[in-house]
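Keep in mind the model is a prediction, meaning the values are calculated, not measured. We name chains A, B, ... by the order of the sequence lines, and we start the count at 1 in each one.
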Amino acid sequence: MTEYLTSVLRPILADLGAPDDFVPAFETPGNPEHGDLATNAALQLAKPLRRAPRQIADAIAAKLRETADPDRIAAVEVAGPGFLNIRFSDRYLAAALRDLRSHGDGYGRTDAHAGQTALVEFVSANPTGPLTVGHGRNAVLGDTVASLLEAVGYAVTREYYFNDAGRQMRILGQSVRARYDALVNPAMPTKDVSGNLVPETFPDDGYLGGYIEDIARSLYDAHGDALAASDDETPFKQAAQAAIFQDIEGTMRRLGVKMDTYFNEHTLYQQPDTGEKAPIYQVVDTLNERGYIAERDGAVWLLTSKTGKVGKDGEPVDTVLVKSSGEPTYRLPDIAYHVNKLNRGFDLALDVFGADHIATYPDVLLGLDLLGYDSKKVDVLVYQFVTLVRGGEQVKMSTRKANYVTLDELMDDVGVDVTRYFFLMRSPGTHLEFDLDLAKEASDKNPVFYLQYAHARICSILRKAEETGLVLSSDADLSLLTHPSEIDLTKALLHFPQTVARAAEQREPHLVAGYLREVASAFSQVYRDSRIVGEEKNLAEARLALADATRIVLGNGLRLLGLNAPEKM
RNA sequence: GUGCCCGUAGCUCAGUGGAUUAGAGCGGCUGACUACGGAUCAGCAGGUCGGAGGUUCGAAUCCUUCCGGGCACGCCA
């Protein structure tokens, strides 16, 4: 509809002398008295045209009434300082509703990004422990934003980036080894780490979670004490990594998250078969050729100061890429990884991560620009932390210290749909306070059930209607839908595609969650006001069609969010 | 100290620079089942939109500043 209006307005605005590049903005007013669509075009044009906004609005409105198709536009009004309020005609609503139903499962999808590709990188937890409630926000957000991008036309790849070679993995291996040693030698002395009794050989910064003992136990069951003799910790590390990854994958599967690709950070350090340098050193070489590298104190520096970067004291600062020990810092593989992403030809590379990583990506973007890549293709979805509240007190989550609630435990307690919806119902930018006791207690009051209930109820009505001989028809006389609540519902249903599009562009799934609640609520009101079964045939068919359209929107919306759309509850 | 995010009803949160009245859920109170699913619906109470300035015809929204909370600022990942 906005497209239609834009096209009708173009000649009108041109006649008035509006700048060529002026595009009127439309919005759906919150107050229904202000029409179905409103534009502030006249106010915006007041300055360039040097005329009173109200006067411009009157002129536009007069012409619009002449030229607009009465089958679509019922009324154009000028209000307030110069708003144009536009009302849709009943015939337009009927036609749009028919169109909606003909799209079926595809309703809500648009093609603004058809032909484009996107890489969404998310979760990306290193295999040091089970996925926690903290990871849950990342996983659900990333997966759902990926789905939203698909809905606006992107071909999306979901990718998991991990590192199984670093210091943390070494400590993980040592942690397993210590637990294993204690099984081999039950008399081994113990010590205290962070209030936990652990074997003497346990690293002070080791992983304290119970899963470490499980892994050690299974190694002991399989190999007895055969591994104790060697100092090599590789078998422990590998066993831990395999077991933990299996666990993580199981959790994601349960959550409904399916990765397309896994990217191992380690490959960025390896020389490719072609004999070229490893990707990270290619990055260093190219930056060097371009004059952005210096060696100082035995380390390799990226001259970020040349681009105006300043430190905490306002002094220009550079960034270390390779330490004097010869080890790269984490920034270097980060840059190389994003080079890899763009080399794979993605039009959009979206990273999903928590607020604690916010500082890392300016360097990545800068590095890409200096290398001649278009860093605008890289976008970041930063979400705020999940703070966990248990027994009325905040729990500081740490995988290492085993202060966490796993996603699996959460799903055990409240189910998958509630878990997903919980992470989706709030804006990514706000801190999410997670009260475990409340989550369990209130799980059957969770809004997700409200949406699912509405969907199931409609399905039930459709079943009932079929029993009484009513059939869903594509050419029901929709002009019979005249009750205000029916019209409100119809208009709400028509907002679905634009809501999805906006949620995708802004990477904000909560917009869809909130929208679905409005639809469910609007339907409940229709349910209160107008019956279907038992009404005169034509009226019943029209109402049945509206119910079916609502089922389509709720169903598509729920599935888009990765939630079940049950036909019965 | 510097940067980023957040501060809206008792609680958890929506809110697109726009038009009398800032919305929803939960919680509280009051009503509605001879009904296609009551896991619902209707109503009431509850707000100096953290404070103060500024821009604008108009500010929860934009700018400045202060207060409160989170996060980040490393030859850690």
Side-chain angles (χ1 to χ4, degrees), chain A residues 25-31 33-34 38 40 43-44 46 52-54 79-83 85 126 128 163 166-169 265 296-301 310-314 317-331 333-334 354-360 362 382-385 387 425-435 438 442 444-447 449-454 456-465 467-468 470 485 498 502 506 508 510-511 513-515 517-518 520-521 523-525 527-535 540 543-544 547 568-569:
Chain A
F26 293 96
E27 63 159 21
T28 304
N31 185 343
E33 283 175 28
H34 302 147
N40 60 355
L43 286 97
Q44 302 230 311
R54 185 91 203 186
F83 288 97
N85 294 333
N126 288 338
T128 58
N163 181 12
R167 189 181 108 87
Q168 291 308 317
M169 293 303 291
E265 178 181 333
R296 265 203 317 261
D297 312 323
V300 176
W301 296 75
V310 292
K312 43 182 119 177
D313 49 6
V317 290
D318 296 325
T319 305
V320 174
L321 292 183
V322 184
K323 297 185 252 178
S324 52
S325 65
E327 267 183 305
T329 64
Y330 67 94
R331 273 167 229 266
D334 273 354
D356 56 338
H357 284 71
I358 186 109
T360 78
V382 176
Y383 59 89
Q384 296 299 313
F385 270 11
T387 53
M425 62 197 282
R426 295 192 180 105
S427 155
T430 60
H431 299 277
L432 201 160
E433 185 173 294
F434 196 113
D435 189 321
L438 204 70
D444 58 336
K445 291 177 192 155
N446 189 294
F449 290 115
Y450 181 78
L451 310 183
Q452 294 179 324
Y453 177 74
R457 191 190 229 178
I458 293 169
C459 291
S460 168
I461 292 170
L462 294 175
R463 285 192 297 268
K464 187 87 173 189
E467 283 169 22
T468 62
L470 272 173
S485 60
Q498 70 205 49
R502 194 165 149 238
Q506 297 182 210
E508 293 192 326
H510 77 283
L511 296 176
Y515 165 79
R517 174 162 237 298
E518 281 175 32
S521 169
F523 175 75
S524 292
Q525 290 166 45
Y527 178 84
R528 173 199 64 203
D529 292 333
S530 52
R531 294 180 56 84
I532 297 173
V533 175
E535 294 289 343
R543 289 177 175 173
L544 200 59
K568 288 180 185 174
M569 291 175 72

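If you take CD of A/Glu467 and P of B/C36, they are 12 Å apart, rounded to a whole angstrom. Atom CD in A/Glu327 sits about 18 Å away from atom P in B/G74, given to the nearest Å. B/U16 atom P lies 15 Å from atom CD of A/Gln498, rounded to whole Å. The distance between atom CZ of A/Phe385 and atom C1' of B/G70, rounded to the nearest whole Å, is 9 Å. The CZ-C1' distance, from A/Arg167 to B/G74, rounds to 14 Å in whole Å. In this structure, the CD1 atom of A/Ile458 is 12 Å from the C1' atom of B/C36, given to the nearest Å. Between the P atom of B/U12 and the CG atom of A/Leu432 lies a distance of 12 Å, rounded to the nearest Å. Regarding A/Tyr383, its OH atom lies at a distance of 16 Å from the P atom of B/C6, rounded to whole Å.
Between the CG atom of A/Asn446 and the CE atom of A/Met425 there is a distance of 6.0 Å, given to the nearest 0.5 Å. Atom CZ of A/Arg502 and atom CD of A/Glu508 lie 7.5 Å apart (nearest 0.5 Å). Atom CD of A/Gln168 sits about 10.0 Å away from atom CG of A/Asn163, to the nearest 0.5 Å. Taking OH from A/Tyr515 and CD from A/Gln498, the interatomic distance works out to 8.5 Å, rounded to the nearest 0.5 Å.
Side chain A/Asn85 to base B/A19: a donor-acceptor pair is found below 3.5 Å. Judged by distance alone with a 3.5 Å cut-off, no donor-acceptor contact links the side chain of A/Ser524 to the base of B/C41. One cannot find a donor-acceptor pair under 3.5 Å joining the base of B/A39 and the side-chain atoms of A/Tyr453.
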message = Pair A/Arg167, A/Glu327 - check side chain to side chain contact (heavy atoms under 4.5 Å, CB included), show working.
response = CA-CA 12 Å; A/Arg167 189 181 108 87; A/Glu327 267 183 305; over 6 Å; no
Residues A/Gln384, A/Leu432; criterion side chain to side chain contact (heavy atoms under 4.5 Å, CB included); working and verdict = CA-CA 7 Å; A/Gln384 296 299 313; A/Leu432 201 160; over 6 Å; no
task = I would like to know whether A/Tyr450 and A/Ser521 meet side chain to side chain contact (heavy atoms under 4.5 Å, CB included); could you show each step before the answer?
result = CA-CA 9 Å; A/Tyr450 181 78; A/Ser521 169; 3.4 Å; yes
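Residue contacts shown for A/Ser530 include a base, since a base heavy atom lies under 4.0 Å away. Base contact: A/Ala456 has a heavy atom under 4.0 Å from a base atom. Backbone-only engagement by A/Thr430 is indicated by non-hydrogen atom pairs under 4.0 Å involving sugar-phosphate atoms exclusively. As judged by a 4.0 angstrom heavy-atom cut-off over every strand, A/Arg531 is placed among the base-contacting residues. Using a 4.0 Å heavy-atom cutoff across all strands shown, A/Asp356 reaches sugar-phosphate atoms only and no base atom. Contact annotation for A/Gly429: backbone-only contact, meaning every heavy-atom pair under 4.0 Å involves sugar-phosphate atoms and none involves a base. At the heavy-atom level, A/Thr468 lies nowhere under 4.0 Å from the strands shown.
For A/Arg517, whose side chain is taken as the heavy atoms from C-beta onward, the closest listed nucleotide among B/G25, B/G18, B/G70 is B/G25. Candidate nucleotides B/C36, B/U16, B/C5 were compared by shortest atom distance to the side chain of A/His431, and B/C5 ranks first. You'll find that the side chain of A/Arg426 is closest to B/C13, out of B/C13, B/A77, B/A39. The side chain of A/Ile358 approaches B/C4 more closely than any other nucleotide in the set B/C4, B/G15, B/G25. Nearest to the side chain of A/Asn126, among B/C5, B/A77, B/C75, sits B/A77.
Heavy-atom nearest nucleotides on RNA chain B were determined for A/Lys568 and for A/Gly166, and the one closer to the 5' end corresponds to A/Lys568. Summary of the strand contacts: A/Met569 and A/Thr329 both lie near RNA chain B, and taking for each the nucleotide with the nearest heavy atom, the more 5' one is attributed to A/Met569.
Separation of the C1' atoms belonging to B/U8 and B/G46 is 14 Å when rounded to the nearest angstrom. Using atom C1' as the reference point in both B/A24 and B/U48, the two lie 22 Å apart (nearest Å). Of the C1' atoms belonging to B/A52 and B/A14, the separation is 27 Å, rounded to the nearest Å. Taking atom P in both B/C5 and B/U61, the straight-line distance is 15 Å, to the nearest Å. Comparing B/C67 with B/A32, their C1' atoms are spaced 48 Å from each other, to the whole Å.
Summarising the base pairing, B/A14 is matched to no nucleotide, lacking a Watson-Crick or G-U wobble pair whose two defining distances lie under 3.5 Å. Pairing of B/A72, defined by two Watson-Crick or G-U wobble distances under 3.5 Å, is identified with B/U2. The nucleotide B/G7 finds its pairing partner in B/C67, both defining distances of the Watson-Crick or G-U wobble pair being shorter than 3.5 Å. Pairing for B/A19 is absent, with no Watson-Crick or G-U wobble pair whose two atom distances lie under 3.5 Å. When Watson-Crick and G-U wobble pairs are counted only if both distances are under 3.5 Å, B/C62 pairs with B/G54. With a 3.5 Å ceiling on both atom-pair distances, the Watson-Crick or G-U wobble partner of B/A42 is B/U30.
The shortest distance between the side-chain N/O atoms of A/Tyr330 and the OP1/OP2 oxygens of B/C75 is not below 4.0 Å. Taking side-chain N and O atoms only, A/Arg528 has a distance below 4.0 Å to OP1 or OP2 of B/A42. Between A/Tyr450 and B/G38 there is no side-chain polar atom (N or O) within less than 4.0 angstrom of OP1 or OP2. The phosphate of B/A42 (OP1 or OP2) has a side-chain N or O of A/Gln525 nearer than 4.0 angstrom. Remark: A/Lys323 is in phosphate contact with B/C76, judged by side-chain N or O atoms under 4.0 Å from OP1 or OP2. Between B/G15 and A/His510, a contact under 4.0 Å exists linking OP1 or OP2 to a side-chain N or O.
Remark: ring of A/Phe83 stacked against base of B/A19; centroid gap under 5.5 Å, plane tilt under 30°.
Between A/Arg531 and A/Glu535 there is no salt bridge, since no side-chain N of the basic residue sits under 4.0 Å from a carboxylate O of the acidic one.
Of all non-hydrogen atoms in A/Val320 and A/Arg331, the two that sit nearest each other are O-CD, 4.4 Å.
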